[in-house]
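To start, the structure itself, in structure tokens.
Numbered from 1 within each chain, the chains take letters A, B, ... in sequence-line order.
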Protein chains: 2
Amino acid sequence: MSGRPRQFDAQAVIDAAMEVFWQHGYEGTSAQALCEGTGLGRGSLYNAFGSKQQLFEQALRRYQDLGLQAQLEILNRDDSVRHRLRALMEWGITADLDPNCQRSCMALRSVLERNHQDLVVKRINDAYLDRIERRLTELMTEGQQLGELRTDQPPRQLARGYMAGYYGLRVLGQSRPEREFLTDIVNDTLARL
Amino acid sequence: MSGRPRQFDAQAVIDAAMEVFWQHGYEGTSAQALCEGTGLGRGSLYNAFGSKQQLFEQALRRYQDLGLQAQLEILNRDDSVRHRLRALMEWGITADLDPNCQRSCMALRSVLERNHQDLVVKRINDAYLDRIERRLTELMTEGQQLGELRTDQPPRQLARGYMAGYYGLRVLGQSRPEREFLTDIVNDTLARL
DNA sequence: CCAATTTTGTAACGACCATTCCACTTTTTA
DNA sequence: TAAAAAGTGGAATGGTCGTTACAAAATTGG
């Protein structure tokens, strides 16, 4: 093992690529745009990551890692189950309303754009969903045991219903980025638990 | 007004274009694919519709018209409010699980892909959402008056919560096309009303 | 210091992109 | 029946796509 050392930090490049893909989607992102966004030349990019598709997969993995980390941090706080579930939704609203962030959730978009065409993308997204579903189910169980949540439905079902509400919120946040609209969704979703 | 008459039915062409865009998205659809899908030559397509973007807008409008029509038909049935709301969600599940239909909801995808970049697309999607929200709000009001639904939340909020559940269902249907998973979402969403 | 090895930027590749052009056909009008 | 008008398919346009080729640069081991 020898040769010229890399002149960039692979993690930083993936982060930069993530930003580009996040903003323009997979099909809407060109190799040219990736070079400009990362500061690397084509040679370096292709030598290090192989192809646009593989770089996208790494960028999506990074996005999901960061997202899961942030969401689990919220769900692990020392607070009531109800407050934590509300906090997660409000975190989603903040992301949807951020004016510096004229772009939808990269995960959502990758599901609709790439899940059917890229098996690796599908695996990344499936793994993320499994993790978040498992944590939410634990939380619903905890809430039921503490008497915070209704017990006429299994925790699994509560978790899945909440997930639908959450992703629906994220989608509608793209169409109707109005706090009042999104807050109605949160209040309704929480009221039924 | 004279000249050679068109040798195609504009509506049929828009329907065919809708199918192509539905399957491949906006960026993933080429003029070539549109010609093959519609049977028209490039000359005719551009002469009649102006550009790929304008054709997409017409195709999306058609998609939303058909979708709204089908959904309102369900919501206007002679049945209990609860049954009608459940029927709409089950209609969504059927669409998500249809194996002949390896494609996500065109409306969802157009929101994430094009809402920020094409004002006309945004207007089409906004109009659709307004219509469906209005109808759902009426339905929630009706359900409350009949004593079918809880009355501790305003109908507007119930409608918006249901919408989030519905679109979350459609998104998750792309990632987890399993009847059991989606049925949990329906049961949970309905149980809270 | 000289291979061997790896990374770098850039030029170049063929393919395909959305769109325009155009000669030709089919119609209406006069 | 000739001129005008509108539509037709297909060739051609300039541009951009993702990817590769390659020579120069930077490192290591001997």
Would you sort out whether D152(B) and R150(B) count as a salt bridge (Lys or Arg N to Asp or Glu O under 4.0 Å), showing the intermediate values?
CA-CA 6 Å; D152(B) 61 342; R150(B) 63 196 294 179; 2.8 Å; yes

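Between the side chain of R4(B) and the base of dT8(D) there is no donor-acceptor pair of N/O atoms closer than 3.5 Å.
Taking a 4.0 Å limit (strictly below) on heavy-atom distances, residues 33-47 of chain B reaches DNA chain C at R42(B), Y46(B).
In this structure, K52(A) places its NZ atom 17 Å from C1' of dT20(D), rounding to the nearest Å. In this structure, the CZ atom of R6(A) is 9 Å from the C1' atom of dT6(C), given to the nearest Å. Here dA26(D) presents its C1' atom at 14 Å from CZ of F8(A), a figure rounded to the nearest Å. Per the geometry, CZ belonging to F49(B) stands 16 Å off P belonging to dT20(C), to the nearest Å.
Contact annotation: S30(A) reaches the phosphate of dC17(D) (side-chain N/O to OP1 or OP2, under 4.0 Å).
For S51(B), the side-chain contact (heavy atoms from CB on, under 4.5 Å) criterion is met by Q53(B), Q54(B), not counting sequence neighbours. When the side-chain contact (heavy atoms from CB on, under 4.5 Å) test is applied to Q71(B), the partners found at least two apart in sequence or on another chain are L88(B), W91(B), Y128(B), I132(B), Y166(B).
No single ILVMFWY cluster, assembled from side-chain heavy atoms under 4.5 Å apart, contains both V121(B) and L119(B).
Between dA5(D), dT8(C), dT19(C), one nucleotide has an atom nearer to the side chain of S2(B) than all others, and that is dA5(D). Taking only side-chain atoms of Q7(B), from C-beta outward, the nucleotide of dA18(C), dG18(D), dT8(D) with the closest atom is dT8(D).
The aromatic rings of F56(A) and F21(A) sit perpendicular to each other, their planes meeting at more than 60°, with 30° as the lower class boundary.
A salt bridge links D96(A) and R170(A); the closest N-O separation between the charged side-chain nitrogens and carboxylate oxygens is under 4.0 Å.
When each of G50(B) and Q32(B) is assigned the nucleotide of DNA chain C with its nearest heavy atom, Q32(B) is the one assigned upstream, toward the 5' end.
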